[in-house]
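Because only heavy atoms are used, hydrogens play no part in the values below, and waters and symmetry mates are left out as well, while side chains stay in. Note that the structure is a prediction, hence the values are computed from the model and not measured.
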Amino acid sequence: MRSKHLGSGRVKSTRKLALFYAFAALALYGTLDADPQGYAWAPETSLPFSPILQSSPDKGRLNEVTLVRSNVKHGYFLFGYDSHQVQIPANETIQRTWTPAQTRLLNDHEINLTREEARCQSYGYALPPNPRRRRLFMGALVADDSLEVLSAVSAEAYDIFHTVAFVESNTTFTGRTPRGFRFGPGSGRQHELYQLFGPGTKVSVDYYVSVPNDKIGERGNAREVLQRDAVQRRWHKNGMRPDDVAIFMDSDEAFTRDFLRAMQICDVPNFRPGQDCMAPKILASTLVFESSPECITKGRRWYHPDAVVGECVELIGNSTIHPHAKRQYQLNGKEESVGLRVPGQGMNVWTRGGSYSDFKTGPYPLWTAEDIRTGAPGTSKTKAGNLPTGYHFHNFFEDAHKFRFKYSTYGEPMPSMYKPIWKIHPDVALAWDCATNEMDKIEPFAVGENAEAVRPIYYLDDDARRRRHVRWKFIVEGEKERFEGKWRAWRRRNGSNPNGKKGWCFENGVVVRC
């Protein structure tokens with residue numbers, strides 16, 4: 001398969017890094033009143049784009065792109081063209097190639113009733129009379145994800161999704177770190193992403209611009225929550241219907257192909273018409289790969305991606321039957337609001353509580369992309385034999401700096417820019433063990449004849465799997481060399497294994513200090 005390797009980067013010195021962020025912030029916040037360069041949008045142009053956002057090397061083509069702007073209280077969205085509306089230059093086209101094992105799994109477009117019935121039974125479902133496949137709409141945020149991990153995610157769903165809706169932002173989730181658009185309109189990187197999911201899938205990258213000094217609360221995840229609203233807008237634009245299925249996930253997660261096909265054709269109770277939308281979502285039981293396909297976390301399952309029937313999705317379902325939930329931020333005094341649900345309007349994982357106390361008997365509110373990701377409760381699904389229904393390609397970065405940047409600026413940020421990566425987080429420490437052949441907490445990739453049923457399609461290619469593992473080991477060796485003294489001290493304190501008796505352990509599937 002075609003794969004792009006970005007090379008290993010170095011972390012800048014403290015002074016250089018501080019100067020970089022200072023100038024970046026000045027460039028971002030000091031030029032918002034400047035004329036736009038390279039972008040046009042319709043119908044409004046009251047807040048021009050900042051030049052720092054135009055980071056694509058292909059800037060010459062951006063003048064031809066028109067982005068439709070949608071203002072919201074906390075910033076604005078810019079919507080561009082999807083992969084079926086752009087002409088990709090001949091020198092930027094890619095041709096994905098597959099091994100015989102991959103081809104056999106991907107060649108599943110014809111409906112074989114015997115095979116589909118067995119598939120449905122393996123998940124506790126039945127095959128309905130006269131089955132037809134539902135359309136699947138996927139959404140995710142995209143930022144510094146490597147093309148390696150995007151290739152793995154897209155291979156699992158190759159030519160299955162109707163729509164893949166990505167959203168990219170001009171800042172990290174903390175809002176304190178400006179960032180350029182990696183997948184800007186007309187860029188070569190965007191064109192490659194547009195081709196990864198197969199010719200039958202509409203892929204788009206839309207943009208969220210957070211306004212400086214915006215009043216969106218103090219929670220570190222606020223921008224993450226708010227930019228996800230662009231996803232259901234794209235789904236609506238692409239014609240999602242109430243009987244379609246909405247899937248929201250991080251861009252390093254995937255449902256297994258087998259379960260995607262099951263959700264398309266089986267009689268899934270969560271997808272039947274007439275939902276009350278109280279707890280409509282399905283959660284994956286997800287196998288976790290840490291930094292390499294050869295580093296599977298033993299005894300642990302993640303619980304994303306998530307899927308909800310279109311009948312319960314904001315902008316798609318009937319808002320007369322299912323009201324809009326009351327949320328943190330109102331939009332210009334309209335009944336629509338954005339952000340997390342307020343107390344009494346339903347549960348989510350951020351508030352660690354809440355209830356539907358405002359709704360005695362239902363029906364219940366429609367779900368946004370954020371609700372699909374973090375709302376509760378839902379139904380977790382495994383395949384017969386406790387086999388996984390999803391994969392998480394966690395921290396598949398191309399260099400050590402990307403690890404530090406992520407843990408410093410995304411999610412729940414921590415001071416990580418100058419730490420050895422094995423000290424940043426227990427997940428990274430586990431992957432470090434794997435690269436240094438400490439395999440007590442690692443499950444092997446090879447599982448014999450049953451590999452195709454429980455392993456990602458992309459990494460059934462031995463060359464792709466070996467290439468990624470070698471890359472991860474190269475990053476580890478670079479960290480050892482850079483932090484040689486700290487690495488030796490760590491080994492003296494904790495033994496040969498940083499995840500061993502004196503390091504990190506698992507308790508009930510959760511990483512904790514031993």
Side-chain angles (χ1 to χ4, degrees), residues 68-77 79 137 139 141 163 165 167 206 208 210-211 214-217 219 221-248 270-282 306-378:
V68 177
R69 175 170 160 169
S70 176
N71 288 336
V72 288
K73 192 177 185 67
H74 45 84
Y76 54 95
F77 298 124
F79 295 90
F137 288 64
L141 306 185
T163 287
V167 181
D206 300 313
Y208 169 72
S210 179
V211 174
D214 48 359
K215 306 297 184 183
I216 60 173
R219 291 194 62 88
N221 64 310
R223 288 166 183 81
E224 178 184 17
V225 171
L226 295 168
Q227 65 187 273
R228 285 173 173 162
D229 282 338
V231 170
Q232 66 259 18
R233 294 174 184 231
R234 170 60 69 171
W235 288 341
H236 179 261
K237 175 180 172 60
N238 284 14
M240 180 188 277
R241 303 185 303 247
D243 60 344
D244 295 327
V245 175
I247 294 171
F248 193 84
N270 302 61
F271 299 161
R272 291 171 185 164
Q275 296 287 324
D276 67 4
C277 299
M278 180 182 182
K281 80 172 182 177
I282 291 177
D306 310 271
V308 168
V309 70
E311 180 182 347
C312 293
V313 175
E314 191 71 62
L315 301 181
I316 310 302
N318 188 330
S319 60
T320 302
I321 299 174
H322 302 281
H324 299 292
K326 295 178 182 178
R327 301 177 182 276
Q328 293 167 297
Y329 314 108
Q330 293 297 123
L331 292 183
N332 303 318
K334 299 180 181 179
E335 66 169 339
E336 184 184 2
S337 57
V338 297
L340 299 175
R341 297 185 183 191
V342 299
Q345 298 283 306
M347 298 175 63
N348 68 77
V349 298
W350 296 116
T351 58
R352 306 292 181 186
S355 67
Y356 282 110
S357 58
D358 291 348
F359 304 88
K360 303 304 181 184
T361 59
Y364 299 92
L366 298 170
W367 289 48
T368 62
E370 170 64 27
D371 295 334
I372 297 172
R373 178 71 180 181
T374 63

Notebook entry, point to check: Can the positive tip of Arg341 be found less than 6.0 Å from the middle of the six-membered ring of Trp367, inside 45° of the ring normal?
Noted result: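 Here Arg341 passes the 6.0 Å and 45° test against Trp367.
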
Would a 4.5 Å heavy-atom cut-off, applied to side chains only, mark [X] and [Y] as touching?
X: Val245; Y: Val308; answer: no
X: Ile316; Y: Gln232; answer: no
X: Thr368; Y: Arg228; answer: no
X: Met240; Y: Thr163; answer: no
X: Cys277; Y: His322; answer: yes
X: Arg241; Y: Glu311; answer: no
X: Val309; Y: Asp243; answer: no

Check: Who passes side-chain contact (heavy atoms from CB on, under 4.5 Å) against Asp358, sequence neighbours left out?
Finding: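 side-chain contact (heavy atoms from CB on, under 4.5 Å) list for Asp358, sorted by chain: Gln345.
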
Notebook entry, point to check: Can you name the residues that form a side-chain contact (heavy atoms from CB on, under 4.5 Å) with Pro323, not counting sequence neighbours?
Noted result: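 Pro323 satisfies side-chain contact (heavy atoms from CB on, under 4.5 Å) with Phe359 once adjacent residues are dropped.
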
Specify the closest pair of heavy atoms between [X] and [Y], including all atoms of both residues, with the distance to one decimal.
X: Ile321; Y: Pro363; result: O-CG, 3.1 Å
X: Ala246; Y: Ile372; result: CB-CD1, 4.0 Å
X: Ala369; Y: Phe248; result: CB-CD1, 3.7 Å
X: Trp235; Y: Ile247; result: CZ2-O, 3.6 Å

Margin query: In terms of relative ring orientation, are Tyr208 and Phe77 parallel, tilted or perpendicular, with 30° and 60° separating the classes?
Written below: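 If you compare the ring of Tyr208 with that of Phe77, the planes turn out tilted.
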
Check: Between atom CZ of Phe79 and atom CZ of Arg233, what is the distance when rounded to the nearest 0.5 Å?
Finding: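 So the gap between those two atoms works out to 5.5 Å.
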
Next item on the list: Please round to the nearest 0.5 Å and tell me the distance separating atom CG of Leu340 and atom CG of Leu226.
Entry: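 Answer rounded to 0.5 Å: 8.0 Å.
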
Note to self: One pair to check against side chain to side chain contact (heavy atoms under 4.5 Å, CB included): Thr361 and Met278. What are the steps and the verdict?
What the structure shows: CA-CA 10 Å; Thr361 59; Met278 180 182 182; over 6 Å; no

Checklist line | Those residues that, when tested against Asp306, pass side chain to side chain donor-acceptor pair (under 3.5 Å) (two or more places apart) | finding: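 Testing Asp306 for side chain to side chain donor-acceptor pair (under 3.5 Å), a comparison that skips the adjacent residues, returns Lys281, His304.
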
Item checked: N-O pairing of Arg234 and Asp229 below 4.0 Å ->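 Judged by the 4.0 Å cut-off on N to carboxylate O distance, Arg234 and Asp229 do not form a salt bridge.
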
